[in-house]
Protein chains: 2
Amino acid sequence: MQLSLDVDSDVPIYQQIRDRIVEALAEGELAEGSALPSTRQLGSDLAVNFHTVNKAYDLLRHEGLIRVNRKSGAVVRRDPESGPPDPAFPDEWRARLRTLLAEAVAQGLDPGEVGQRVGEVLEGFGHEGFSHGESGREEFSGAGNAVVKGGPT
Amino acid sequence: MQLSLDVDSDVPIYQQIRDRIVEALAEGELAEGSALPSTRQLGSDLAVNFHTVNKAYDLLRHEGLIRVNRKSGAVVRRDPESGPPDPAFPDEWRARLRTLLAEAVAQGLDPGEVGQRVGEVLEGFGHEGFSHGESGREEFSGAGNAVVKGGPT
DNA sequence: CTTCCTGTTCTATTACATGTATAACAGGTA
DNA sequence: TACCTGTTATACATGTAATAGAACAGGAAG
């Protein structure tokens, strides 16, 4: 697993961390039950403050994608006790999808080509994604497999 | 044309304005040559400062989607003199698409259903979008057809 | 020419977001 | 006991968002 950050991006660091983990979930790279590194550990690997990582984990928890406790750290799992999935999610998601697709069309990309690109990405997520895990606990990120792009210029 | 804002959103106002206009472009609701309202006019309609609208127009101009001059105000058009389209756009766009799709899959939406939703949105943009305009100048927004959601609580 | 509306630029202020930092506390593990 | 975990609180520096007022330049219309 490669967790890459771009320090020069306008996207906040905690958002990038959250995004990369969500993508790993969709890819099936992080199966249900997989352990995530501790906030301090990941912060150390990425050379960012552990509060920043904590903020990313907070996002994921509020989205119902991970479960966190002191005993076992952060674990990939939809927590049954964190309430039902947000019922407003589909509509909000669709609105964001609409904006993103409009951007591509406005920039001149052919609608057909756009559809094709979507298909390619969905193929990568395929049918092995999330909630089909075997509850095996693979390591998500040990020491030294973090990559940071950009940096001091 | 309905330009709706959500003041309670975490999305900045200038970004919302930019997003709505991009969507109108993709829909073909704003054809090439269409006049956009002046920053002061639109700011007045939306009850926001004209600097905020100006920021949205700045974004659109840097994206090459509109052309602005003192004579005719803001006009929908890819300005030939504002340089070629950003060559990095397709890759950056694909990265954002990947994140957005991953979010849906991680939340449990079926990949097939996701693909279907994408198709629906693209249908709406269809083949009438952008750069097929007749250079006719329709009014984009007159007085009173702006809608603001949310507000003081 | 004068008046009006346009975009553009400059400065300033208030409020919030971001990221880092230090410290302390609670709970499970070795 | 010692260690590592998550959690919370506070503080600080920096940047962004949004508003506001003022001024200037250029085209349009009287």
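Everything numeric in this text was worked out from a predicted model, so none of it was measured. Labels below follow one simple rule: chain letters A, B, ... track the order of the sequence lines, proteins then strands, and each chain is numbered from 1.
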Specify the residue among B:T39 and A:F50 whose closest nucleotide of DNA chain C lies further upstream toward the 5′ end.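 Nearer the 5' end of the strand: B:T39.
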
Which residue lies toward the 5' end of DNA chain C, A:N49 or A:R40, if each is placed at its nearest nucleotide?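 Its nearest nucleotide lies further toward 5', so the answer is A:N49.
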
Determine, for B:E92 against B:R96, whether the closest basic-nitrogen to carboxylate-oxygen distance falls under 4.0 angstrom.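 Result for this pair is no, no salt bridge flagged.
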
Could A:D58 and A:R61 be called an ion pair, given the rule that one side-chain N must be under 4.0 Å from one carboxylate O?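 Result for this pair is yes, salt bridge flagged.
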
Look at the side chain of B:K55 and decide which nucleotide, out of C:dG7, C:dT18, D:dA17, has an atom nearest to it.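 The closest nucleotide is D:dA17.
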
Does a side-chain N or O from B:T52 land closer than 4.0 Å to OP1 or OP2 of D:dT19, or not?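 Yes, because at least one side-chain N or O of B:T52 sits under 4.0 Å from OP1 or OP2 of D:dT19.
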
If you measure from CD on B:E103 to CG on A:L25, what distance do you get to the nearest 0.5 Å?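 If we round to the nearest 0.5 Å, B:E103:CD and A:L25:CG are 11.0 Å apart.
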
Going through the distances and angles, do B:L3 and B:L42 end up as a side-chain contact (heavy atoms from CB on, under 4.5 Å)? CA-CA 10 Å; B:L3 211 174; B:L42 185 53; 4.0 Å; yes

Nucleotide [N], atom [atom2] - distance to [atom1] of [X] in whole Å:
{"X": "B:L36", "N": "C:dT6", "atom1": "CG", "atom2": "C1'", "answer": "14 Å"}
{"X": "B:L59", "N": "D:dA18", "atom1": "CG", "atom2": "P", "answer": "11 Å"}
{"X": "B:Y57", "N": "C:dT9", "atom1": "OH", "atom2": "P", "answer": "17 Å"}
{"X": "B:H51", "N": "D:dG21", "atom1": "NE2", "atom2": "P", "answer": "11 Å"}
{"X": "B:H62", "N": "C:dT8", "atom1": "NE2", "atom2": "P", "answer": "10 Å"}
{"X": "B:L42", "N": "C:dT6", "atom1": "CG", "atom2": "P", "answer": "12 Å"}

